[in-house]
Amino acid sequence: MLTLAIFKPHCLKNPIAYRTIQQIIVDNGLEIIASKRMTLSQAEAEQFYDEHRNKFFFRRLVSLMTSGPLEVVLLSGDNAIQRWRDLMGPTKVLKTVYTHPHCIRSMFGITDTRNATHGSDSVNSVAAERKFFFG
């Protein structure tokens, strides 16, 4: 099974966070099978996050995702979607620090928007996101 993960720009700016997250992936039996470093344009970020267009955090999210390079990876492994989501932890960083102190977002997230990583939430999302980033 595959899933798509994104290391957000603020995470790539921190080499310790970046290397640690890569090691967490390997240590937990997931394999990076494709990787692409890129900088999203505003239009691309708006298109990717279109489902959130009418939410209060949309502009902040687009701004973050266009603020510098990000890395998109395809992960492979048994139950990859759920395993990656478990490794990331919940979206809400402040709460996650207390409820899931050893997850990626707890360790490297700064805010709910700058929460270090993204992960597909379903097989359909993986397919759409993979097509968006890898063609």
Side-chain angles (χ1 to χ4, degrees):
M1 176 180 267
L2 296 178
T3 194
L4 185 131
I6 300 174
F7 302 154
K8 294 183 178 181
H10 69 284
C11 190
L12 286 188
K13 291 175 186 172
N14 178 344
I16 293 169
Y18 176 69
R19 284 193 303 273
T20 302
I21 294 168
Q22 287 181 315
Q23 192 61 52
I24 288 169
I25 289 169
V26 171
D27 289 348
N28 284 275
L30 294 171
E31 181 181 355
I32 297 173
I33 61 166
S35 178
K36 183 176 187 179
R37 191 169 287 209
M38 62 189 298
T39 301
L40 291 177
S41 68
Q42 182 164 335
E44 289 168 328
E46 288 177 355
Q47 181 183 354
F48 184 72
Y49 287 107
D50 192 56
E51 69 184 278
H52 301 301
R53 184 170 298 275
N54 294 319
K55 296 180 182 165
F56 72 94
F57 58 84
F58 179 73
R59 288 280 149 229
R60 189 174 40 202
L61 183 57
V62 168
S63 178
L64 166 69
M65 297 304 283
T66 59
S67 68
L70 52 84
E71 189 162 321
V72 183
V73 297
L74 285 175
L75 302 175
S76 176
D78 292 337
N79 200 18
I81 295 169
Q82 189 58 53
R83 287 173 60 202
W84 174 240
R85 294 185 67 77
D86 290 345
L87 291 171
M88 287 191 304
T91 303
K92 305 279 186 197
V93 170
L94 183 59
K95 183 179 178 184
T96 299
V97 168
Y98 297 102
T99 61
H100 297 77
H102 302 292
C103 75
I104 291 167
R105 288 176 168 160
S106 177
M107 292 186 286
F108 303 111
I110 299 167
T111 66
D112 294 349
T113 305
R114 295 177 4 170
N115 59 9
T117 55
H118 163 88
S120 302
D121 62 4
S122 68
V123 172
N124 289 340
S125 292
V126 173
E129 293 174 0
R130 181 179 182 184
K131 182 177 180 183
F132 183 89
F133 288 108
F134 292 98

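Computed over heavy atoms, backbone and side chain alike; hydrogens, waters and symmetry mates excluded. The chain is numbered in sequence order, starting from 1.
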For a side chain to side chain contact (heavy atoms under 4.5 Å, CB included) check, start with the C-alpha distance between Tyr49 and Met65, then their side-chain angles and the critical distance, and finish with the verdict. CA-CA 10 Å; Tyr49 287 107; Met65 297 304 283; 3.5 Å; yes
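- Summarising the geometry of Ile21 relative to Cys11, their closest heavy-atom pair is CD1-SG, 3.3 Å, with the distance given to 0.1 Å.
- In the hydrophobic clustering of ILVMFWY residues, with side-chain heavy atoms under 4.5 Å counting as a link, Ile110 and Leu70 come out apart.
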Between Leu2 and Ile33, does a side chain to side chain contact (heavy atoms under 4.5 Å, CB included) hold up when you go through it step by step? CA-CA 9 Å; Leu2 296 178; Ile33 61 166; 3.3 Å; yes
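- If you chain together hydrophobic residues whose side chains sit under 4.5 Å apart, Leu61 and Leu4 fall into the same group.
- Of all heavy-atom pairs spanning Arg83 and Gly77, the tightest one is NH1-C, 4.1 Å.
- The hydrophobic clustering, which links ILVMFWY residues whose side-chain heavy atoms are closer than 4.5 Å, places Leu87 and Met107 together.
- Every residue was checked against the side chain to side chain contact (heavy atoms under 4.5 Å, CB included) condition with Ser63, not counting sequence neighbours, and none meets it.
- For the side-chain hydrogen bond (donor to acceptor under 3.5 Å, both in side chains) condition, the pairs that include at least one residue of residues 6-17, sequence neighbours left out, are Lys8-Asn115.
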Give the table of side-chain donor-acceptor pairs shorter than 3.5 Å for residues 92-100, with sequence neighbours excluded, one pair per line with atom names and distance.
| residue | atom | partner | partner atom | Å |
| --- | --- | --- | --- | --- |
| Thr96 | OG1 | Pro90 | O | 3.2 |
| Thr96 | OG1 | Lys92 | O | 2.6 |
| Thr99 | OG1 | Lys95 | O | 3.2 |

Quiz: residues 126-135 side-chain donor-acceptor pairs under 3.5 angstrom, not counting sequence neighbours:
| residue | atom | partner | partner atom | Å |
| --- | --- | --- | --- | --- |
| Glu129 | OE1 | His118 | NE2 | 3.2 |
| Glu129 | OE1 | Ser120 | OG | 2.5 |
| Glu129 | OE2 | His118 | NE2 | 3.2 |

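- Applying the ring pair (Phe, Tyr, Trp, His ring centres under 6.0 Å) test to Phe7 and every residue at least two apart in sequence or in another chain returns Tyr18.
- Nearest approach of Ile24 to Ile104, heavy atoms of both residues: CD1-CG1, 3.9 Å.
- Looking at Pro9 and Leu12, their side chains never come closer than 4.5 Å, going by heavy atoms from C-beta outward.
- Every residue two or more places apart in sequence or in another chain that forms a side chain to side chain contact (heavy atoms under 4.5 Å, CB included) with Arg85 is listed here: Ile81, Gln82, Met88, Asp121.
- Under a hydrophobic-cluster definition in which Ile, Leu, Val, Met, Phe, Trp and Tyr are linked whenever side-chain heavy atoms come within less than 4.5 Å, directly or via other members, Phe108 and Ile6 are assigned to different clusters.
- Nearest heavy atoms, Val62 versus Ala45: CG1-CB, 4.0 Å.
- With sequence neighbours left out, the side chain to side chain contact (heavy atoms under 4.5 Å, CB included) criterion links Ala5 to Val73, Leu75, Trp84.
- Under a hydrophobic-cluster definition in which Ile, Leu, Val, Met, Phe, Trp and Tyr are linked whenever side-chain heavy atoms come within less than 4.5 Å, directly or via other members, Phe48 and Met38 are assigned to the same cluster.
- Screening residues 24-35 for side-chain hydrogen bond (donor to acceptor under 3.5 Å, both in side chains) gives Gln23-Asp27, Ser35-Glu71 as the qualifying pairs, with residues at least two apart or on separate chains.
- For residues 38-61, the pairs satisfying salt bridge (charged side-chain N to carboxylate O under 4.0 Å, His left out) are Glu46-Arg59, Asp50-Arg53, with sequence neighbours left out.
- Residue Thr3 holds its OG1 atom at 10.0 Å from CG of Asn79, rounded to the nearest 0.5 Å.
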